[in-house]
Amino acid sequence: MIPFANAWPYDIITGDVYVQNCPFCGSDNVLLPMKPKELISVREGKKKLLIFPCCHNKVTVLDSDADYLLTDQKLR
């Protein structure tokens with residue numbers, strides 16, 4: 001079980017995946033280099049390296065649900 005501290009909320013808007021703010025640098029409305037179909041493959045067990053375009057910090061997305069990305073490191 002992944003702790004809630006490793007989860008970060010996301011939104012899908014017009015086919016793009018956004019986070020309200022970056023957990024590393026605090027930038028607002030960050031467009032992630034990820035598509036909704038990739039979220040489905042993550043839910044099925046495939047890991048995804050996610051690089052935030054605002055500050056180039058990296059996390060590995062291990063799982064997702066309808067609201068949160070679950071990662072391998074503490075984000076909160």
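Just so it is clear, the model here is predicted, and its values are computed rather than measured.
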Visitor: Mind checking whether Cys22 and Cys55 have side chains closer than 4.5 Å, heavy atoms only?
Guide: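 Yes - at least one pair of side-chain heavy atoms lies under 4.5 Å apart.
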Visitor: Show, in sequence, the C-alpha distance, side-chain angles and deciding distance for Asn6 and Gln73, and conclude whether the side-chain contact (heavy atoms from CB on, under 4.5 Å) test is met.
Guide: CA-CA 6 Å; Asn6 292 21; Gln73 59 182 288; 5.6 Å; no
Visitor: Go through it in stages, so that I can follow the logic: the residues are Lys47 and Asp63, the test is salt bridge (Lys or Arg N to Asp or Glu O under 4.0 Å), and I'd like the CA-CA distance, side-chain angles, deciding distance and then a yes or no.
Guide: CA-CA 7 Å; Lys47 295 178 186 177; Asp63 198 0; over 6 Å; no
Visitor: Checking Asn57 side chain against Phe24 main chain: does a donor-acceptor pair fall under 3.5 Å?
Guide: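 No, Asn57 side chain to Phe24 backbone: no donor-acceptor pair under 3.5 Å.
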Visitor: Less than 4.5 Å apart, side chain to side chain, heavy atoms only: is that true for Leu69 and Leu50?
Guide: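 Yes, side chains in contact.
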Visitor: Quick one, Lys35 and Asp16 - any side-chain contact, counting heavy atoms below 4.5 Å?
Guide: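 Counting from C-beta outward, Lys35 and Asp16 do come under 4.5 Å.
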Visitor: Answer yes or no: is there a donor N or O on one side and an acceptor on the other, between the side chain of Trp8 and the main chain of Arg76, under 3.5 Å?
Guide: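 Here the side-chain-to-backbone pair does not exist.
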Visitor: I need the Asp65 CG to Leu39 CG distance, nearest 0.5 Å.
Guide: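 One finds 10.0 Å between CG of Asp65 and CG of Leu39.
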Visitor: So Leu70 and Val61, do their side chains get closer than 4.5 Å, heavy atoms only?
Guide: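 No, every pair of side-chain atoms sits at 4.5 Å or beyond.
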Visitor: Less than 4.5 Å apart, side chain to side chain, heavy atoms only: is that true for Val42 and Met34?
Guide: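 They are in contact (side-chain heavy atoms under 4.5 Å apart), so the answer is yes.
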Visitor: So that I know where these two stand, are Tyr10 and Tyr18 an aromatic pair - ring centroids less than 6.0 Å apart?
Guide: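 Judged by ring-centre distance (under 6.0 Å), Tyr10 and Tyr18 do not meet the cut-off.
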Visitor: Heavy atoms, side chains only, cut-off 4.5 Å: are Val30 and Asn21 in contact?
Guide: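 No, too far: nothing below the 4.5 Å cut-off.
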Visitor: Please walk me through it: do Thr71 and Thr60 pass side-chain contact (heavy atoms from CB on, under 4.5 Å)?
Guide: CA-CA 6 Å; Thr71 67; Thr60 301; over 6 Å; no
